[in-house]
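Because only heavy atoms are used, hydrogens play no part in the values below, and waters and symmetry mates are left out as well, while side chains stay in. Worth saying up front: this structure is predicted, and the values here are computed from it rather than measured. In what follows, chains are A, B, ... by sequence order, proteins preceding strands, each numbered from 1.
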Amino acid sequence: RILISRPLWEEERYTDGSKWRFLEHKGPVFAPPYEPMPDKVKFYYNGKPMKLSAPAEEVATFFAKMLDHEYTTKDIFRKNFFKDWRKEMTSEEKSKITDLNKCDFGEMNEYFKAQSEARKQMSKEEKQKIKEENERLLQEYGFCIMDNHKERIGNFRIEPPGLFRGRGDHPKMGMLKRRIRPEDIIINCSKDSKHPKPPPGTKWKEVRHDNKVTWLASWTENIQGSIKYIMLNPSSRIKGEKDWQKYETARRLKKCVDRIRAQYREDWKSKEMRIRQRAVALYFIDKLALRAGNEKEEGETADTVGCCSLRVEHIKLYPKLDEQEYVVEFDFLGKDSIRYYNKIPVEKRVFKNLQLFLENKQPEDDLFDRLNTSILNKHLQELMDGLTAKVFRTYNASITLQQQLKELSCSDDNIPAKILSYNRANRAVAILCNHQRAPPKTFEKSMQNLQTKIDEKQNQLSAARKQLKAAKADHKASHDEKSKKAVEVKRKAVQRIEEQLMKLQVQATDREENKQIALGTSKLNYLDPRISVAWCKKWGVPIEKIYNKTQREKFAWAIDMAEKDYEF
DNA sequence: ACAACGACTTGGGGAAACCTGC
DNA sequence: GCAGGTTTCCCCAAGTCGTTGT
């Protein structure tokens, strides 16, 4: 089979909705089997040592490993864990172990700590061996052939069993995520490929040949009952093409966004409530880059919302706040239970509409009771082919980056200053999209270290300046070649140190401003990479300064495609 | 109409890998 | 060579949105 490499935009694409003609892979790698605790490591119930059956012991180790986490103290976590743990016990264990508070996992916990310590202390050779084994696994299972390409698989390892955590206040935290066996796995590959072999003595649940989908294997996860997939790496043709398409859709929105904005402003005045709600929601999605906000099943997940699912309790209206009129205060938990907090002045008409929507409602009622994502997206589809709520996020993110780059870049800047400008533009987008992070644990320390370095450099600089001054004076006195050279040498030294100092200061600024902001998500998912590639070309910044290796692989299509005059 | 399902993208955290100054 | 800090990459949860089934 010959593997042809061709630029993405010259690839032929299928018109019948199929995603591939040929797909061959080796199937997933399963989690290593459970290794029982050594006998000396004891579990205690009510102060007395107790030997657990292997299945019960395995689940106990999941809990033991997490003892240092705060969530093992949470009621829901403990309740869910204990309920699921009991299902794994023998009837004898079940009758004995009736109270989690009487369980002592301390020795198990110590054992795992010692193990991880031992892993750190391993010799170079041992570490090397593990690395090689991982590499072998990657080579064997980490790639597939899709049509004429050898492609990297994203996640070829099956998730190991463990306790489900979830994010935020999740009602299912602590539940047992069960071990996945070959019998749970559906394999997808082409008929004419060499089918993956299940481990000896086992069978796949099913082998199918569905070329309307891109996944290689799937299984149903037991916490939410949702399907998990094994799919290709972002560097693959199939993902790259989709990514490119996404930005092309956003660029089409750019062409008609004025019309759409005029339309929803008009709709604020509509006689129909549902149209007004739709128009106000769309305004929020456009202006604030809110997510669509699908309904969620209550009690199955953490209580989070997006635009369409906002409730009365999530907004506050201020006819006048500080110097501003018609201010809306948003305070809600969005995706991943990340808090969205924002106070923004809105147009009077929007404000009046919101007051109307709030009339006669309880805090827990829907703000947009006549609207959901399906209605909204149907409407958007009519405004532009392929338009959905999330396209606004992509569009506004990318256009903001482009504008900010234009505004902030300065030809006189050196490379570090240019990169600071880039990061600031990126940061503006991350703030718009509310991409937050917990400040790194080492943040204060690392700022201090940087400050120390800056102070040292400043001392160096003043010393170097003094030397330069002295050299100048010396030259003035002697006027000989040697002293002239000395002045040059010192001048160069001062210049070099100034540059280093500047670089450090830029770094400090960048880091400080980035304390609670996560740039990765917008960079990877919202910013048309061609904007960045073009910017690098225009300002002579090496692309490696903006995208690391993985990112360059993901955005290979854009790096190939974009010239310095690319316009989003 | 609308609920459930399926496929795919988006998301932050943390372990592992890598780097850097001593 | 190593300690500690930084970057990368993996993990897997949690969204979006189209399709399917009732």
Counting any heavy atom closer than 4.0 Å, what does [X] reach on the DNA or RNA strands: base, sugar-phosphate only, or nothing?
{"X": "A:R511", "value": "sugar-phosphate"}
{"X": "A:K172", "value": "nothing"}
{"X": "A:G293", "value": "sugar-phosphate"}
{"X": "A:R152", "value": "sugar-phosphate"}
{"X": "A:D336", "value": "sugar-phosphate"}
{"X": "A:T301", "value": "nothing"}
{"X": "A:E221", "value": "nothing"}
{"X": "A:R437", "value": "sugar-phosphate"}
{"X": "A:R165", "value": "nothing"}
{"X": "A:P234", "value": "nothing"}

Round to a whole Å and report the spacing from [atom1] of [X] to [atom2] of [N].
{"X": "A:K228", "N": "B:dA7", "atom1": "NZ", "atom2": "C1'", "result": "14 Å"}
{"X": "A:N514", "N": "C:dT7", "atom1": "CG", "atom2": "P", "result": "11 Å"}
{"X": "A:M173", "N": "C:dC12", "atom1": "CE", "atom2": "C1'", "result": "16 Å"}
{"X": "A:L176", "N": "C:dC12", "atom1": "CG", "atom2": "P", "result": "14 Å"}
{"X": "A:R274", "N": "B:dA1", "atom1": "CZ", "atom2": "C1'", "result": "14 Å"}
{"X": "A:Q381", "N": "C:dG18", "atom1": "CD", "atom2": "C1'", "result": "10 Å"}
{"X": "A:I227", "N": "B:dA7", "atom1": "CD1", "atom2": "P", "result": "5 Å"}
{"X": "A:L138", "N": "C:dC10", "atom1": "CG", "atom2": "P", "result": "8 Å"}

Ignoring backbone atoms, establish whether [X] has a side-chain N or O less than 4.0 Å from OP1 or OP2 of [N].
{"X": "A:K120", "N": "B:dA16", "answer": "no"}
{"X": "A:K296", "N": "C:dG15", "answer": "yes"}
{"X": "A:T214", "N": "B:dA7", "answer": "no"}
{"X": "A:H170", "N": "C:dA14", "answer": "yes"}
{"X": "A:R393", "N": "B:dT10", "answer": "no"}
{"X": "A:Y526", "N": "B:dG11", "answer": "yes"}
{"X": "A:T388", "N": "C:dT16", "answer": "no"}
{"X": "A:T521", "N": "B:dG12", "answer": "yes"}
{"X": "A:N377", "N": "C:dC17", "answer": "yes"}
{"X": "A:R291", "N": "B:dG11", "answer": "yes"}
{"X": "A:K131", "N": "B:dA17", "answer": "no"}
{"X": "A:N525", "N": "B:dT9", "answer": "no"}

Between A:T249 and A:Y395: side-chain donor-acceptor atoms closer than 3.5 Å: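 Side-chain D/A pair, A:T249 to A:Y395: absent.
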Donor on one side chain, acceptor on other, A:N211 and A:R21, under 3.5 Å: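 On atom types as modelled, these side chains do not qualify, holding no pair under 3.5 Å.
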Closest listed nucleotide, where the reference is the side chain of A:N548 and the choices are C:dA13, C:dT8, B:dC8: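 Given the options C:dA13, C:dT8, B:dC8, the side chain of A:N548 is closest to C:dT8.
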Minimum-distance nucleotide to A:A438 side chain [options: C:dT16, B:dG13, B:dA7]: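 Nearest to the side chain of A:A438 among the choices is B:dG13.
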Stepwise salt bridge (charged side-chain N to carboxylate O under 4.0 Å, His left out) check, A:K549 with A:E544: CA-CA 8 Å; A:K549 186 165 140 287; A:E544 297 78 27; over 6 Å; no
Ion pair check, A:R136 and A:E140, cut-off under 4.0 Å: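 Yes, this pair counts.
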hbond_proxy A:R167 side chain to C:dA14 base (donor-acceptor, 3.5 Å cutoff):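 It does not, because no donor-acceptor pair links the side chain of A:R167 to the base of C:dA14 below 3.5 Å.
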Heavy-atom donor-acceptor pair, A:K335 side-chain to B:dT10 base, under 3.5 Å: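 Such a pair exists between side chain and base.
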Ring-face cation contact, A:F164 with A:K177, 6.0 Å cut, 45° max: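 The answer is no, since A:K177 fails at least one limit relative to A:F164.
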Charged tip of A:R278 within 45° of A:Y264 ring normal and under 6.0 Å: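 That pair does not qualify as a cation-pi contact.
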Aromatic ring proximity, centroids under 6.0 angstrom, A:F156 and A:W215: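 No - the distance between ring centres of A:W215 and A:F156 does not fall below the 6.0 Å cut-off.
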Distance flag, aromatic centroids of A:F555 and A:Y547, threshold under 6.0 Å: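 Ring-ring flag for A:Y547/A:F555: true, centres closer than 6.0 Å.
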Residue mapping more 5' on DNA chain C - nearest nucleotide basis, A:C307 or A:K177: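 The 5'-side residue here is A:K177.
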Toward the 5' end of DNA chain B, by each residue's nearest nucleotide, A:I338 or A:S218: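 With A:S218 and A:I338 compared, the 5'-side residue is A:S218.
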Residue closer to the 5' end of DNA chain B, A:N134 versus A:K239 (nearest nucleotide):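 With A:K239 and A:N134 compared, the 5'-side residue is A:K239.
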